[in-house]
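Have a look at the structure below before the remarks.
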Amino acid sequence: MVSDGAPAGGGEDGDRPDGQAPGERLSRMRHSAAHVLAEAVLELFPEAKYAIGPPIENGFYYDFDLPRPLTPDDLTQLERRMRRTVKANVPIEGRQIPKEEARALFSDQPYKLELIDEIEGETVGHFRHAEFDDLCRGGHTERTGDLGAFRLDRVAGAYWRGDERNAMLQRIYGLLFETPAELDAYLEAREEAERRDHRRLGRELDLFHLDPVSPGAPFYHPRGTVLYNALVDYMRELYVEYGYQEVITPQLFAADLWKTSGHYDNFSEDMFLFGEEGSELGIKPMNCPGHCHYYRTRLYSYRDLPLRLAEFSRLHRNERSGVLSGLTRARSFAQDDAHIYCTPEQFEAEVVSVFEMSERVYSDLGLEDWQIRLATMPEEKFIGEPEDWRRAEALLAAAVRGAGREFELAPGEGAFYGPKLEFHLRDALGRSWQLGTLQVDLGMPARFGLTYVAADGAEHEPVMLHRAILGSLERFLAIYIEHTAGAFPLWLAPVQAVVIPIADRHAAYADEVRSQLAARRLRAEVDGSGNRMNAKIREAQLQKVPYMLVVGDREAEARAVSVRVRGGGDRGALPLDEVVARLAEERDTRALAGLGAAAP
RNA sequence: GCCGGCGUAGCUCAGUGGCAGAGCAGCUGUUUCGUAAACAGCAGGCCGAGGGUUCGAGUCCCCCCGCCGGCUCCA
């Protein structure tokens with residue numbers, strides 16, 4: 001239902017059922033619904049311990065410690081009880097009470113007591129409706145009747161306070177919108193997302209599959225490999241333009257290298273390490289240490305910088321089993337990775353150049369809606385000095401502003417080696433994803449002893465940047481497949497045209513059409529099945545092939561093809577030469593839509 | 001890793017203790033067709049792996065693996 005027929009990135013009405021920060025009123029409704037849910041749970045399980053229940057995007061949740069796992073039937077019954085409370089429409093009353101009173105009120109509620117102890121000041125918020133009491137800072141509707149349209153959605157495990165050393169609680173998620181129409185729209189959008197799920201389309205379009213023989217590592221099928229390589233080739237073209245040099249460095253390094261880089265101490269949980277002490281090896285989870293090691297193979301003048309090293313090697317990270325998820329979270333992946341070594345004077349220009357290149361890439365791919373986040377020093381695992389972090393963070397912030405853009409702050413979310421900018425893109429379904437990143441490295445140049453000789457004749461340490469624009473190719477493909485619903489622009493489509501002979505006697509001409517296309521490096525196939533034309537067209541449509549070229553008696557006679565555009569219908573017969581030229585042109589300009597048609 | 005759910009043909013799914021099924025896809029034959037599914041026939045299974053209960057297990061129990069949704073983490 002979410003059409004990608006509109007020009008990419010445009011035509012949004014800004015009124016999405018998801019993705020937007022909930023308004024104040026909506027937030028109150030969601031928060032109150034959480035209280036009403038907790039009341040229902042306590043009715044059903046008087047011995048339940050309740051923890052916290054905030055409003056969230058699309059709804060609300062509440063965490064409970066319960067005597068048994070919840071079932072779908074429980075949710076139905078809880079929802080029924082909630083609706084009873086809505087119907088009763090009782091007031092929700094809030095006030096401040098002394099901590100002592102609160103401790104008495106929640107004397108058998110350990111999670112609430114823990115929260116009371118941590119709240120500053122002498123009083124805490126207390127909210128009550130009917131017989132239900134909660135510890136709460138407020139933000140509620142006046143009465144329980146004003147909860148809009150809601151539905152209990154699912155149960156999931158969640159650690160108390162998000163810390164895995166704590167008890168695992170049961171979290172009940174609910175959906176809530178102001179009107180039933182908005183709730184329905186959200187549910188419909190979710191169904192559309194399921195239809196577009198990259199794992200499903202990966203199978204349907206024969207792009208890739210994930211296999212238990214290597215969890216988290218994709219098998220790219222021939223068509224998926226074409227897509228993957230088309231993206232890499234595209235980035236390579238830009239590398240020529242933007243002055244990057246591609247390298248290929250080893251997959252496997254001695255533990256010494258990981259100790260030098262800091263990965264051994266800060267990232268080893270996520271690494272595949274093996275071998276005896278003294279001859280221990282690690283498969284690379286990132287390219288940076290290899291690039292730093294390469295840097296040391298010669299001496300650099302300031303005139304040699306910036307040095308921009310790119311690499312598409314496959315990387316491996318030993319992700320915890322529970323977090324793998326299709327291509328968005330894989331153990332084996334590749335990035336459009338590069339490291340830039342420059343002088344402090346060149347820093348800002350390099351950041352701006354990365355911005356320009358990113359804008360170009362996202363725009364070529366039809367992804368126009370993106371934001372920047374600045375992720376700062378983590379609280380625990382980091383290397384270097386805090387003042388260096390602050391300085392680097394300020395430089396990044398200044399560079400963003402210098403490029404005329406805004407950013408959102410993400411405190412404590414930096415990499416262990418430095419602060420980073422993250423590029424977040426919104427897809428056709430309104431969901432936000434992190435793709436690219438630009439990171440300052442505060443540790444590695446010193447750890448590897450990297451230097452260059454400056455104009456003053458002395459050795460200085462270069463500034464090191466990490467950057468990726470697509471991020472991981474795997475994650476990018478997942479997002480892009482879902483964004484386009486598999487209807488890729490011609491330049492990326494694994495099969496760019498299917499030639500459809502109407503009857504067997506047209507096979508020879510069909511093959512000639514295919515050869516003509518192939519001669520211009522256009523990826524075309526002939527549908528030589530015994531199916532009727534209608535079935536061949538249906539098959540090509542389902543495979544999201546951009547062009548269907550129908551050939552029968554008339555076309556063979558006139559050296560023409562009848563063009564059908566994916567999403568655009570029958571365009572009538574055109575001379576073969578002209579069609580070949582127009583398709584090649586559409587590919588070379590990386591057009592997002594073809595032959596004047598709306599995008600698929 | 002933790003909590004919950006799920007694993008039956010290539011795909012989507014029926015099958016709640018008694019002979020493993022359907023649709024689509026595949027193969028063969030007939031049809032040679034003008035813009036989203038021609039017709040007929042055939043074949044297709046370690047019911048995720050291992051162990052147990054039972055006269056008998058796809059079905060019940062245990063354990064492992066994988067997947068899905070969360071938590072946590074992250075490209």
Side-chain angles (χ1 to χ4, degrees), chain A residues 61 63 66 68-72 74 153-173 194 197 199-200 203-204 206 209-216 267 269-270 285-286 315 317-337 375 381 413 415 420 422-423 433-437 439 466 468-479 500-507 529-543 548-555 562-566 568-573:
Chain A
Y61 71 77
D63 287 346
L66 298 172
R68 64 168 174 84
L70 289 165
T71 65
D74 292 328
D153 191 33
R154 51 175 51 122
V155 182
Y159 299 105
W160 166 236
R161 323 216 80 175
D163 188 328
E164 65 188 12
R165 288 165 298 201
N166 290 338
M168 173 72 65
L169 306 174
Q170 293 190 70
R171 174 171 298 175
I172 301 175
Y173 281 97
E194 267 165 42
D197 189 300
R199 290 163 293 204
R200 175 174 171 159
R203 187 174 54 242
E204 289 175 357
D206 199 16
H209 85 278
L210 291 155
D211 198 298
V213 295
S214 187
F267 207 76
E269 278 176 25
D270 294 302
M286 298 183 191
L315 306 173
R317 297 185 189 173
N318 193 7
E319 301 289 351
R320 303 164 81 177
S321 60
V323 306
L324 298 176
S325 179
L327 295 184
T328 54
R329 192 66 182 279
R331 283 200 174 116
S332 170
F333 61 99
Q335 297 172 322
D336 62 323
D337 200 10
K381 290 193 172 180
E413 292 186 24
K420 58 182 180 177
E422 300 172 351
F423 302 123
W433 302 89
Q434 184 193 326
L435 292 181
T437 169
Q439 313 177 351
H466 305 238
I469 293 176
L470 300 177
S472 102
L473 293 170
E474 276 62 24
R475 176 173 292 179
F476 178 78
L477 281 171
I479 293 161
I500 298 178
I502 289 179
D504 288 351
R505 66 177 177 280
H506 308 122
S529 70
N531 285 331
R532 291 171 56 197
M533 183 199 67
N534 278 319
K536 292 176 181 177
I537 285 174
R538 176 179 151 83
E539 181 59 24
Q541 286 285 159
L542 291 173
Q543 286 295 309
M548 283 144 275
L549 308 177
V550 177
V551 296
D553 292 333
R554 298 200 294 264
E555 288 80 6
S562 280
V563 178
R564 182 185 163 110
V565 185
R566 170 191 67 192
D570 187 1
R571 292 305 160 106

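Letters A, B, ... mirror the listed sequences (proteins, then strands); counts begin at 1. Note that the structure is predicted; figures quoted are calculated from it, not measured.
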Quiz item: Roughly how many Å is it from CZ in A/Arg154 to P in B/C6, rounded to a whole number?
Solution: 15 Å
Quiz item: Given atom CZ of A/Arg505 and atom C1' of B/G34, what is their separation to the nearest angstrom?
Solution: 11 Å
Self-check item: Selected nucleotide, minimal atom distance to A/Arg203 side chain, candidates B/A36, B/C11, B/A75
Solution: B/C11
Exercise. Would you classify A/Ala330 as touching base, sugar-phosphate or nothing, given that sugar-phosphate means primed atoms plus P, OP1 and OP2, and contacts are heavy atoms under 4.0 Å?
Key: base
Exercise. Report the base-pairing partner of B/G4 (Watson-Crick or G-U wobble, both distances below 3.5 angstrom), or none.
Key: B/C68
Quiz item: What integer distance in Å separates A/Glu422:CD from B/A75:P?
Solution: 7 Å
Self-check item: Separation of B/C74 P from A/Asp337 CG (nearest whole Å)
Solution: 17 Å
Quiz item: Counting any heavy atom closer than 4.0 Å, what does A/Glu319 reach on the DNA or RNA strands: base, sugar-phosphate only, or nothing?
Solution: base
Exercise. Go through B/U35, B/G69, B/G1 for me and flag the one nearest to the A/Glu164 side chain.
Key: B/G1
Quiz prompt | For B/G50, the Watson-Crick or wobble counterpart (both distances under 3.5 Å) | solution = B/C62
Quiz item: Can you tell if the side chain of A/Arg171 reaches within under 4.5 Å of the side chain of A/Arg154, non-hydrogen atoms only?
Solution: no
Quiz item: So what does A/Arg165 hit on the nucleic acid, given a heavy-atom distance under 4.0 Å: a base, only sugar-phosphate, or nothing?
Solution: nothing
Quiz item: Distance check: side-chain N/O of A/Arg329 vs OP1/OP2 of B/C68, anything under 4.0 Å?
Solution: no
Quiz item: Does any N or O in the side chain of A/Asp336 come within less than 3.5 Å of the main-chain N or O of A/Gly471, such that one atom is a donor and the other an acceptor?
Solution: yes
Quiz item: Under 4.0 angstrom, heavy atoms only, what part of the nucleic acid is A/Gly326 near: base, sugar-phosphate, or nothing?
Solution: sugar-phosphate
Quiz item: Which base, if any, makes a Watson-Crick or G-U wobble pair with B/G56, both distances under 3.5 Å?
Solution: none
Exercise. Determine the contact category for A/Gln541: base if any of its heavy atoms lies under 4.0 Å from a base atom, sugar-phosphate if only primed atoms, P, OP1 or OP2 are that close, otherwise nothing.
Key: base
Self-check item: Nucleotide nearest A/Ile502 (side chain, heavy atoms from C-beta), chosen from B/A75, B/C33, B/A38
Solution: B/C33
Self-check item: Closest listed nucleotide, where the reference is the side chain of A/Gln335 and the choices are B/A75, B/G1, B/G34
Solution: B/A75
Practice problem: Between B/C67, B/A75, B/C71, spot the one nearest the side chain of A/Tyr159, thanks. | Solution: B/C71
Quiz prompt | A/Glu555 side chain, from C-beta outward: closest of B/G34, B/C74, B/G70 | solution = B/G34
Practice problem: Under the salt bridge (charged side-chain N to carboxylate O under 4.0 Å, His left out) rule, what do A/Arg161 and A/Asp163 come out as? Steps first, then yes or no, please. | Solution: CA-CA 5 Å; A/Arg161 323 216 80 175; A/Asp163 188 328; over 6 Å; no
Quiz prompt | Watson-Crick or G-U counterpart of B/A36, or none if no pair lies under 3.5 Å | solution = none
Quiz item: Who does B/G21 pair with, Watson-Crick or G-U, both distances under 3.5 Å?
Solution: B/C13
Exercise. Rounded to whole angstrom, note down the C1' distance from B/U59 over to B/U8.
Key: 11 Å
Quiz item: Which part of the nucleic acid does A/Leu435 contact within heavy-atom distance under 4.0 Å: base, sugar-phosphate only, or nothing?
Solution: sugar-phosphate
Quiz item: Below 4.0 angstrom from OP1 or OP2 of B/C67, is there any side-chain N or O of A/Arg199?
Solution: no
Self-check item: Length of the line joining A/Leu210:CG and B/C11:P, which is rounded to integer Å
Solution: 13 Å
Output side-chain donor-acceptor pairs under 3.5 Å for residues 532-539 of chain A, partner residues at least two apart or in another chain, one line each.
unit_1, atom_1, unit_2, atom_2, d
A/Lys536, NZ, A/Pro501, O, 2.9
A/Lys536, NZ, A/Asp527, O, 3.3

Practice problem: Remember a base hit wins even if backbone is also touched, and classify A/Leu542 as base, sugar-phosphate or nothing at under 4.0 Å, heavy atoms. | Solution: base
Exercise. Report the distance from atom CG of A/Asn531 to atom C1' of B/A40, rounded to the nearest whole Å.
Key: 15 Å
Self-check item: Options B/G66, B/G34, B/C71, nucleotide nearest the side-chain atoms of A/Pro215
Solution: B/G66
Practice problem: Return the nearest nucleotide to the side chain of A/Tyr173; candidates are B/A75, B/G70, B/G1. | Solution: B/G70
Quiz item: Starting at CE of A/Met168 and ending at P of B/G1, how long is that distance when rounded to a whole Å?
Solution: 13 Å
Quiz item: Looking at A/Trp160 and A/Asn166, what are the two nearest heavy atoms and their distance?
Solution: O-ND2, 2.8 Å
Quiz item: Just checking A/Ala535: base, sugar-phosphate only, or nothing, at a heavy-atom cut-off of under 4.0 Å?
Solution: sugar-phosphate
Quiz item: A/Arg532 CZ to B/U31 P: how many Å, rounded?
Solution: 15 Å
Quiz prompt | Least distance between heavy atoms, A/Gln170 atom then A/Leu66 atom | solution = NE2-CB, 3.6 Å
